[in-house]
Enquirer: 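Dropping the structure in here first, questions after.
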Amino acid sequence: MDKIKSDIYVILEGAIRSAIEAKELPISEVPEIPFSPTKTPEHGDIATPIALGLAKQAKLAPRAIAETIVKYVNPDKHPSIRKIEIAGPGFINVYLSNEWLFDTIREIIAKKDNYGSIDKGKGKRIQIEFVSANPTGPLNIVSGRAAAVGDTLVNLLNAIGFDAIREYYVNDAGGQVDRLGESIDIRYRQALGETDLEIPDGGYQGEYLREFAESLVEEGKKHLNLSQEERIELFRDKGIKHLLDQQKATLERFGVYFDVWTSEKAIRASGKPDQIIQLFREKNYLYEAEGATWFRMTDFGGDKDCVVIRSNGEYTYFVPDAAYHRDKYERGFNKVIDLLGPDHQGHVVRLKNFVKALGLDDDWLEVDIIQQVNLVDSDGNRRDMSKRQGQFLTLDALIDELSDAVGEQFAVDVARYFFLMRANNTHLDFNLELAVTQANENPVFYIQYAHARCCSIFQQADEQKIQLKPIDVINLEMLSEPSEHEIIRKLADFPQNVLFSAEEREAHRIPHYLHELAGLFHPYYNQHRVLGTSNMELTQARLILVQCVQTVLANGLKLLGISAPQSM
RNA sequence: GCGCCUAUAGCUCAAUUGGAUAGAGCAACGGACUUCUAAUCCGUAGGUUGCAGGUUCGACUCCUGCUAGGCGUGCCA
């Protein structure tokens with residue numbers, strides 16, 4: 001598709017140049033030629049609204065401009081063009097000869113697993129930091145969404161040639177984990193019989209800490225011999241390790257494997273935050289007030305200054321965070337992307353300003369918000385989800401429930417698909433009951449079923465001793481059905497979808513694309529026979545087409561981390 | 001108060017970043033298994049794109065002002 005598009009581009013460019021030289025088009029230079037999508041085959045294969053765009057400058061009617069341009073395209077000289085015509089308000093629609101469709105088929109067969117991949121980002125390193133949940137509880141479903149999206153974005157960026165990695169920032173230092181230690185201490189002492197204790201505001205109420213405290217009780221009462229301060233510190237560290245291990249296990253179950261885990265505690269211990277403070281002091285970005293040290297955020301466009309050293313002498317999380325981002329830069333990434341949860345939205349501007357204060361390029365850091373996931377009951381009511389109140393659905397619980405209905409592998413597939421099918425900046429309603437009870441009508445099954453059907457055809461062919469011939473001896477002209485051409489056009493769109501999804505960080509386009517492809521294949525399957533056509537030449541050509549569909553479905557599902565089953 | 005996000009079919013969402021007649025899936029109704037897998041297919045129905053202006057050949061898309069919901073908002077992360 002890309003090659004043919006650039007061919008057409010050159011032809012149209014030439015035509016416009018000729019028209020200008022012939023004084024039939026009163027514009028100064030050849031403009032960029034945009035291509036608009038062709039939603040229906042009636043609009044040809046490639047269309048451009050260029051004449052509409054030139055109307056004002058040329059002071060001519062769009063249709064007249066289009067006619068002039070088309071006049072200078074000599075179809076006889078360009079065998080790739082079957083027909084070129086003007087439609088609607090002045091669109092130029094180009095109809096391609098079948099040969100480019102067959103080229104698409106040849107390309108897919110040749111590239112196989114690599115079809116859809118390009119090397120545009122070659123030599124450039126990108127890091128995506130995502131999930132990065134506090135190690136104070138199990139991962140919830142918002143983290144699940146972030147995990148699915150981040151994992152897929154890394155796949156997409158790698159597919160277009162970047163060297164992209166997954167990184168998790170472990171917030172194992174600071175006030176939150178102190179609260180964790182305190183909460184565990186209370187649960188521990190409650191388990192040992194103390195009654196007048198309560199988890200304070202800001203502590204962690206979740207049931208999982210009772211269970212963890214039970215396991216500490218099994219170690220005996222010896223922890224009571226420590227001072228409360230020592231005990232809280234010990235429990236904090238034990239709790240972090242326990243909960244982090246649990247998070248890792250959940251992520252692996254979900255098919256997400258991080259390349260790098262960075263500890264905030266280690267960053268703090270490295271002295272890098274101190275260097276940041278020193279740097280900011282030297283640049284006069286800091287001042288003292290109300291017993292704390294403040295950063296002049298307003299100098300960088302922020303609406304408020306913010307505290308970087310609390311009155312008790314401790315850094316707020318901004319300092320290690322800034323140090324962490326400088327560390328990322330020093331590791332040589334050309335670009336870093338942070339995927340943050342909806343509750344960190346206020347952090348976006350600050351983070352970008354800190355990066356600016358460090359003297360780094362504005363677009364080096366990209367921050368995207370993964371919006372919230374609402375749990376919806378069957379009656380349509382939304383349940384609030386707050387980790388601090390202990391009321392939330394964990395990713396594990398979600399997979400468990402789905403797993404009961406459709407098995408472990410499909411449970412992961414369904415969950416990933418649901419998280420990926422929506423644009424990142426939209427709030428996602430996750431109706432758990434619907435996902436479970438209607439699993440059989442789930443869009444992910446629709447896509448997987450299309451793939452399984454392709455496999456099944458080859459299984460049948462094998463049993464019937466039908467051997468697929470090499471592509472160069474197959475007569476692709478046999479693929480003459482409109483539905484076949486439509487499928488090939490869709491297949492030809494795949495690389496562009498991958499590129500666009502990766503560059504715009506819009507992973508949700510891939511599920512939609514695959515659903516559309518499956519939506520073309522299923523009707524085709526029902527209407528036309530591949531095997532048993534009594535015409536082996538036709539069968540061979542259709543087998544090739546089926547193989548292309550299978551390849552693209554598999555490649556797309558792989559980007560999403562969703563399985564492509566051989567049979568269902 | 002201020003900032004960010006959202007508002008599209010009964011429900012959940014798309015719409016190739018300003019292009020042609022705004023599309024899918026659920027839900028509803030009527031059909032198709034002697035067939036390479038019926039987890040499928042075919043058909044019917046569903047819209048003043050939250051409201052009001054503006055920009056232009058053209059607006060779901062951009063600008064301004066409203067309305068509603070969510071999130072955030074100087075010593076939690």
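In what follows, chains carry the letters A, B, and so on, assigned in the order in which the sequence lines appear, proteins first and then strands, with residues in each chain numbered from 1.
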Enquirer: Please tell me whether A:F295 and A:Y287 form a close aromatic pair, meaning their ring centres lie under 6.0 Å apart.
Expert: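 Ring centroids of A:F295 and A:Y287 are no less than 6.0 Å from each other.
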Enquirer: How about A:H43 and A:F91: are their ring centres within less than 6.0 Å of each other?
Expert: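 Ring centres of A:F91 and A:H43 not closer than 6.0 Å.
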Enquirer: When all nucleic acid strands are considered with a 4.0 Å heavy-atom cut-off, which category describes A:Q459: base, sugar-phosphate, or nothing?
Expert: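 Result for A:Q459 = nothing.
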Enquirer: Is there a Watson-Crick or G-U wobble partner for B:U8 with both distances under 3.5 Å, and which nucleotide is it?
Expert: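 Base partner found: none.
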Enquirer: Scan every strand shown for a Watson-Crick or G-U wobble partner of B:G1, both distances under 3.5 Å, and answer none if you come up empty.
Expert: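 Check on B:G1: paired to B:U73, both distances under 3.5 Å.
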Enquirer: Name the one of A:V546, A:I474, A:T539 that satisfies side-chain contact (heavy atoms from CB on, under 4.5 Å) with A:L468?
Expert: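 Single pass found, and it is A:I474.
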Enquirer: Return the nearest nucleotide to the side chain of A:Q372; candidates are B:G70, B:G74, B:G72.
Expert: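 When the side chain of A:Q372 is considered, B:G70 is the closest of B:G70, B:G74, B:G72.
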Enquirer: OH of A:Y525 versus P of B:C41: gap in Å, rounded?
Expert: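 Going from A:Y525 (OH) to B:C41 (P), I get 12 Å.
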Enquirer: Could you check whether A:F300 and A:Y285 have their ring centres less than 6.0 Å apart?
Expert: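 Ring centroids of A:Y285 and A:F300 are less than 6.0 Å from each other.
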Enquirer: Between the base of B:A20 and the ring of A:F91 - centre-to-centre under 5.5 Å, planes within under 30° - is that a stack?
Expert: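 A:F91 ring centre within cut-off of B:A20 base, planes near parallel; stacks.
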Enquirer: Taking atom C1' in both B:A24 and B:A15, compute the distance separating them and give it to the nearest angstrom.
Expert: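 One C1' to the other, the span is 10 Å.
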Enquirer: Of all the choices, B:U12, B:C41, B:A77, which nucleotide is nearest to the side chain of A:T316 once you look at every atom?
Expert: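 For the A:T316 side chain, the nearest candidate turns out to be B:A77.
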Enquirer: Quick test of the criterion, 5.5 Å between centres and less than 30° between planes. Is A:H43 stacked on B:A20 or not?
Expert: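 Whether judged by distance or by angle, A:H43 passes, so it stacks on the base of B:A20.
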Enquirer: Rounded to the nearest angstrom, tell me the gap between atom CG in A:N353 and atom P in B:G3.
Expert: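 In whole Å, B:G3 P and A:N353 CG are 16 Å from each other.
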Enquirer: Using the closest heavy atom to pick a nucleotide of RNA chain B for each, name whichever of A:A452 or A:E506 lands nearer the 5' end.
Expert: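 Result of the comparison: A:E506.
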Enquirer: Counting the atoms with a prime plus P, OP1 and OP2 as sugar-phosphate, which does A:A47 contact under 4.0 Å by heavy atoms, base, sugar-phosphate, or nothing?
Expert: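 Counting heavy atoms under 4.0 Å across all strands, the contact made by A:A47 includes a base.
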Enquirer: With rounding to the closest Å, how many angstrom separate the P atoms on B:A20 and B:A59?
Expert: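 Here B:A20 and B:A59 have their P atoms 11 Å from each other.
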